[in-house]
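Every number for a ligand or one of its atoms is a count from 1 in the order of the listing.
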Amino acid sequence: MQVKSICCIGAGYVGGPTMAVIAQKCPHIKVTVVDVNASRIAAWNDENLDNLPVFEPGLDNIVGEARGRNLFFSTDVDQAIDEADMIFISVNTPTKTYGKGKGMAADLKYIELCARQIASVSKTNKIVVEKSTLPVRTASAIKNILDHTGNGVEFQILSNPEFLAEGTAVEDLFAPDRVLIGGDTSDKGQEAIQALVDVYANWVPKERILTTNVWSSELSKLTANAFLAQRVSSINSLSALCEKTGADVNEVAKAIGLDSRIGSKFLKSSVGFGGSCFQKDILNLVYIAKTYGLNEVADYWEQVIIMNDYQKNRFSNNIVSTLYNTVSGKKITFLGWAFKKDTNDTRESAAIQVADNLLNEQAQIEVYDPKVIEERMYADLDYLNTRTEDENRSLLKVKNDPYEACKDSHAIAVLTEWDEFKTYDWQRIYDNMLKPAFVFDGRGILDTKALEKIGFVCYSIGKG
Ligand code: UDX
Ligand code: UDX
């Protein structure tokens, strides 16, 4: 079977870039991305490519090339489902905030809604592809809904987890380490797998396209994120020890990373990992393990999250204790709010927890981030429900100019590793701050020796 028309439900950080790249690489396939959020679709259709809802380096050019040719963004979900041979589900699967599995399990209500909608609209056979990260065996639940509520058409379910990282999504999609496709072992399942392999084979070398059974594929995604996050928590745990002993965590990371069995990636100590996936997927893994009575397995992985929370709190505690045990009424500047550089995404960003802790200590925070908008920061804080919306807006201010944000400040905290922070005129910043002028580098990106020469008092994660 040759796929001619693809529909993707969910025009978010994953659906948008992934479909844009498929459309660019496969001009013979019509790709329609749909979403229930009309303003998001309008932003994807904006003439001005600076206004796309997702900021990713290089994405604007790809959308500019393919949009209107074979890439379309629409709110008409039914029509796109009806037309498609292959439907990707790329809606969000947040951690449940209610009921059984609250705070741990993935909330699958949007996935179920999608399945029901696909079942009711479809008049021809479809291949349904799980792009969203899901608990193991979700595919069989989707299949069940499709088979029992559909109009007698045949559905094949594939799992095709996304491994792109935000900030490098386009590069990752162009040259993935691997593409993983899980499907049914029956002949029809294998045909469906082949149809999706053929789509990716338009630009991905065949040896990088891996096929497995559905459950291996679903579990591999959770496991990949858990392993990556575990590396960050491991090095972060050592950053605390380095600070006590006088070792330098960057030197330790380099020394161990040169061992080819360990490797050098994901060993950068930080104020804590964020992003929509790591925490959610590990909690999901922990929940699944507990469900099967594997409590030791659950505890083992939960420790990765506990260490991450510790790291975020350790950073804010250190600011308070260094500023003579009180930050009440003191201005503290945040450079960065996004969970990593080169993205406007803030989900689970360490900055949110650090800000919340410091606001509890009655600090006055001013934030500068090159890509995150003011409303997003307030939404992140309001979501925590720690204080009223008015209090959040009066205690935390957002600035569009970094020098303005640093003026008259007691301390600067670097929360995101944006490259531009390294190039600032730090002498000018120093001259306009209160003294002693403190810098807390939560990302280890600044040249602290140079800053100390200017007169700053510096703290850098993991340096004794
Ligand atoms: C994705 C994956 O789907 C998630 O499982 C993975 O773990 C993280 O990445 P992402 O693209 O980052 O999610 O999420 P988001 O940017 O929130 O986009 C999801 C979109 O789906 C939203 O625009 C939302 O409006 C849309 N949606 C949600 C629908 O169109 N229909 C629904 O029923 C629910
Ligand atoms: C992650 C996975 O990398 C990706 O494969 C999956 O599809 C989605 O989840 P993402 O969350 O977008 O991607 O970004 P990632 O680069 O993994 O960073 C996650 C967090 O870890 C960020 O907050 C980052 O700053 C932090 N991190 C990463 C570190 O603190 N140190 C490191 O060495 C690497």
Between [X] and ligand 2, which part of the residue brings a heavy atom under 4.0 Å of the ligand: side chain, backbone, both or neither?
{"X": "Leu228", "result": "side chain"}
{"X": "Cys277", "result": "side chain"}
{"X": "Gln311", "result": "neither"}
{"X": "Asn225", "result": "side chain"}
{"X": "Lys221", "result": "side chain"}

Look only at interatomic distance and state if [X] has a nitrogen or oxygen under 3.5 Å from any nitrogen or oxygen of ligand 1.
{"X": "Tyr110", "result": "no"}
{"X": "Thr133", "result": "yes"}
{"X": "Arg40", "result": "yes"}
{"X": "Val36", "result": "yes"}

Output the list of atoms in ligand 1 that are nearer than 4.0 Å to some heavy atom of Asn37, sorted by atom number.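 Once the distances to Asn37 are compared, the set is 25 (O).
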So for Cys114, does at least one of its heavy atoms come nearer than 4.0 angstrom to any atom of ligand 1?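 Judged by the 4.0 Å heavy-atom criterion, Cys114 does not count as contacting ligand 1.
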Counting only heavy atoms closer than 4.0 Å, does ligand 1 sit against the backbone of [X], its side chain, both, or neither?
{"X": "Ser132", "value": "both"}
{"X": "Arg347", "value": "side chain"}
{"X": "Glu162", "value": "neither"}

Ring of [Y], cation from [X] - is the NZ or CZ under 6.0 Å from the centre and inside 45° of the axis?
{"X": "Lys143", "Y": "Phe155", "value": "no"}
{"X": "Arg137", "Y": "Trp215", "value": "yes"}
{"X": "Lys96", "Y": "Tyr287", "value": "no"}
{"X": "Arg178", "Y": "Phe163", "value": "yes"}

Between Glu56 and Lys371, is the salt bridge (Lys or Arg N to Asp or Glu O under 4.0 Å) condition met? List the steps. CA-CA 10 Å; Glu56 274 294 339; Lys371 287 288 171 198; over 6 Å; no
Which residue supplies the protein heavy atom nearest to [atom], what is that atom called, and how far is it?
{"atom": "atom 21 (O) of ligand 1", "value": "Gly10 CA, 3.4 Å"}
{"atom": "atom 9 (O) of ligand 1", "value": "Val14 CG2, 3.1 Å"}
{"atom": "atom 18 (O) of ligand 1", "value": "Gly12 CA, 3.2 Å"}

For a quick check under 3.5 Å, do Asn344 and Tyr13 share a side-chain donor-acceptor pair by atom type?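 Asn344 vs Tyr13: donor-acceptor pair found between side chains.
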Selection from Val91, Val33, Asp35 by shortest heavy-atom distance to atom 2 (C) of ligand 1: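 When every heavy atom of Val91, Val33, Asp35 is considered, Val91 comes closest to atom 2 (C) of ligand 1.
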Looking at Asp85 and Lys4, is there a salt bridge between them, counting it only when a charged N and a carboxylate O are closer than 4.0 Å?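 No salt bridge links Lys4 with Asp85.
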Ligand 2 N/O within reach of Gly274 N/O, cut-off under 3.5 Å: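 Indeed, backbone or side chain, Gly274 has an N or O that close.
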Tell me if the centroids of the rings in Phe421 and Trp426 come within less than 6.0 Å of each other.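 No, too far apart.
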